[in-house]
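To start, the structure itself, in structure tokens.
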Amino acid sequence: MTETTTPTSSNFIRTIIDEDNETGKYDRRVHTRFPPEPNGYLHIGHAKSINLNYGLARDYGGLFNLRFDDTNPEKEEQEYIDAIMEDVRWLGAEWDGRLYHASDYFEQLYQWAEQLINDGKAYVDDLSADEIREHRGTLTEPGRNSPWRERPVAENLDLFRRMRAGEFAEGSRVLRAKIDMASSFIVLRDPVMYRILHAPHPRTGNAWHIYPTYDWAHGQSDSIEGITHSICTLEFENNRRLYDWFQEALGIRRSQQIEFARLNLTYTVMSKRKLIRLVKEGHVNGWDDPRMWTIRGLRRRGYTPEGIRNFTDMIGVSKANSLVDMALLEHAVREDLNARTPRVMGVVEPLKVVIENYPKGQEEAFEVPYYKQDKSRTESRPIPFSREVYIERDDFMEEPAKGYNRLAPEVEVRLMNAYYIVCTGVVKDAAGRIVELRAVYDPASRGGQSPDNRKVKGTIHWVSAEHAIPAEVRLYEPLFAKANPEEGVDDFVENLNPDSLRVVDALVEPSLATAVPGDKFQFVREGYFCVDPDTEPGRLVFNRTVGLKDTWR
RNA sequence: UGAGGGAUAGUUUAACGGCAGAACAACGGACUCUGACUCCGUGAGUCGUGGUUCGAAUCCACGUCCCUCAGCCA
């Protein structure tokens, strides 16, 4: 019941794998990987990739690796490595001991580079970064060969070894593949394989003074690990030619790169740079702010791995650029939460109701099941009732609109699981604001059903004033006011939604006193809520994960 | 404007020469001690123009529009 699955529909990648299995291209092996660079936190877009790669391995009886693409020590940190592992694990992707780092292969990569030099397929270039750019040409004009392109093998070898030994200054030389300066694929115009960086690496320390570039490291790492289908995003389509060139030039085990469209979601931005700005400039309270679509943010907000998996299954995979409606994500998580959460009562914006004919000092309790949606579950708890209760401010209208079937003067409604009440009076303050309601109840309707079977228009939730416990409730709206945060402004932060967070003082039923961070509930008629880690003894804090669908209002 | 990719309901996708289907969203109804859930129903689509074919979203040609590439980032 907690596992809500949508059957994974076919997609172009599965079609490719099916064909490969038919032709025996990889001996019917399927081996995928998720290759994050440890320079930031994972977000919902990464979840798409993780679920895709892991799901493929799982469904085809294959293997899934987690591999850190740690080729740039200037940007990468151990802190991110730890956080990423935690998030991948939480999402449910199991790498079963196959945790690797591109840095594990630095020595092998170095040996292969020497092989390419010996084969006349790589050379040390003394040009500066600016000069290399000038020689590269443009989209419409071919590049020019570097004057160092025809260096003898022995000299290349000597220079490359000394680069490794740390003899040269950063930027003074690079190792380049010797391909074709006139190629229409700019990535093939003698791409850089190694740059000199006198920076300590989180894993290899000071062992290296040269570091491989992405293009040089990635395909070879795939080959070493026996990856069959190396899935990445669309912007690497041109790089595939280089990916193939390196594996062919080396004569090593082949793997194939397949590109898919990255996730774009309404009301969000996905670029690392922009995510970092949101955090660094304090527009949100950290990477795990529940308004963020980072894995940590979603987790804190109350999203579940199953809900996220639902979502990634629903959106599918293709090569067309797209913008997914946030409503899909919300639907996916509601579906999961609906199945798994206990139903409790919490009043988000309380309005007191005094039941005048209920004896002062009297109290009673109603035993109410937690899981009305799941007949296999029988847990329940007592909910206390007394003369004064709080109901939702929204559940009363002094002059009810047409079609409104909640409480109003002279109108009878059911207090869920308790009694029928009729509103008999409205108390206002000097400013005319309603501060309290008077009502009478029907003792014969105990439990929420009247012997005469008369119907009431509505059923509303409540808490006993005397027994309810206060809770801070954080209500969220999208972080941006526009579905496309870039729309109509120079800088996306101008589209930040000033009302993305609203904090209210709520009252919840006493059974919630023992709730601990991470616990999830449906506050009946209000939405799904999750206990926030800010909770301390005596101070309950809830996040509203997502509201219920509402066909009224 | 060199090269590489892409275009199917409002959104995301399926269909691989043979009935254009689903989910989300919208709308209507049934049910209901959650205006939820569930169920039923409605509207809504092949970028354009030609061609091949008994038959085209699918194959071909020519267009249009969108995305990517000129980091010693990934």
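Values below: every heavy atom of this structure, side chains too, minus hydrogens, waters and symmetry copies. Order of the sequence lines fixes the chain letters, A, B, ..., with proteins taken first and strands second; residue numbering starts at 1 for each chain. As the structure is a prediction and not an experimental result, all values here were calculated from the model.
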side-chain N/O [X] vs [N] OP1/OP2, d < 4.0 Å:
X       : N       : result
H331(A) : rC24(B) : yes
R136(A) : rC72(B) : yes
S183(A) : rA3(B)  : no
K549(A) : rA25(B) : yes
S10(A)  : rA15(B) : yes

Taking atom types as they are modelled, is there a donor-acceptor pair under 3.5 Å from the base of [N] to the side chain of [X]?
X       : N       : result
R133(A) : rG71(B) : no
Q522(A) : rU34(B) : yes
N405(A) : rG35(B) : yes

May I ask you to say what G143(A) touches in the nucleic acid, namely base, sugar-phosphate or nothing, with a heavy-atom cut-off under 4.0 Å?
-> nothing
Answer with base, sugar-phosphate or nothing: what part of the nucleic acid does N238(A) contact at a heavy-atom distance below 4.0 Å?
-> base
Test ring pair (Phe, Tyr, Trp, His ring centres under 6.0 Å) applied to Y419(A) - qualifying residues, sequence neighbours left out |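 Residues passing ring pair (Phe, Tyr, Trp, His ring centres under 6.0 Å) with Y419(A): F366(A), F385(A), Y441(A).
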Using purine N1 to pyrimidine N3 plus N6-O4 or O6-N4 for Watson-Crick, or N1-O2 and O6-N3 for G-U wobble, each under 3.5 Å, what pairs with rA22(B)?
-> rU12(B)
Mind telling me if rG29(B) is syn or anti? Syn here is a glycosidic angle within 90° of 0.
->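 Anti.
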Of the residues in residues 239-247 of chain A, which ones touch RNA chain B at a heavy-atom distance under 4.0 Å?
->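 Close to the strand are N239(A), R240(A), R241(A).
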Give, ordered by number, those residues of residues 210-225 of chain A having at least one heavy-atom distance below 4.0 Å to an atom of RNA chain B; if nothing qualifies, reply none.
-> T213(A), Y214(A)
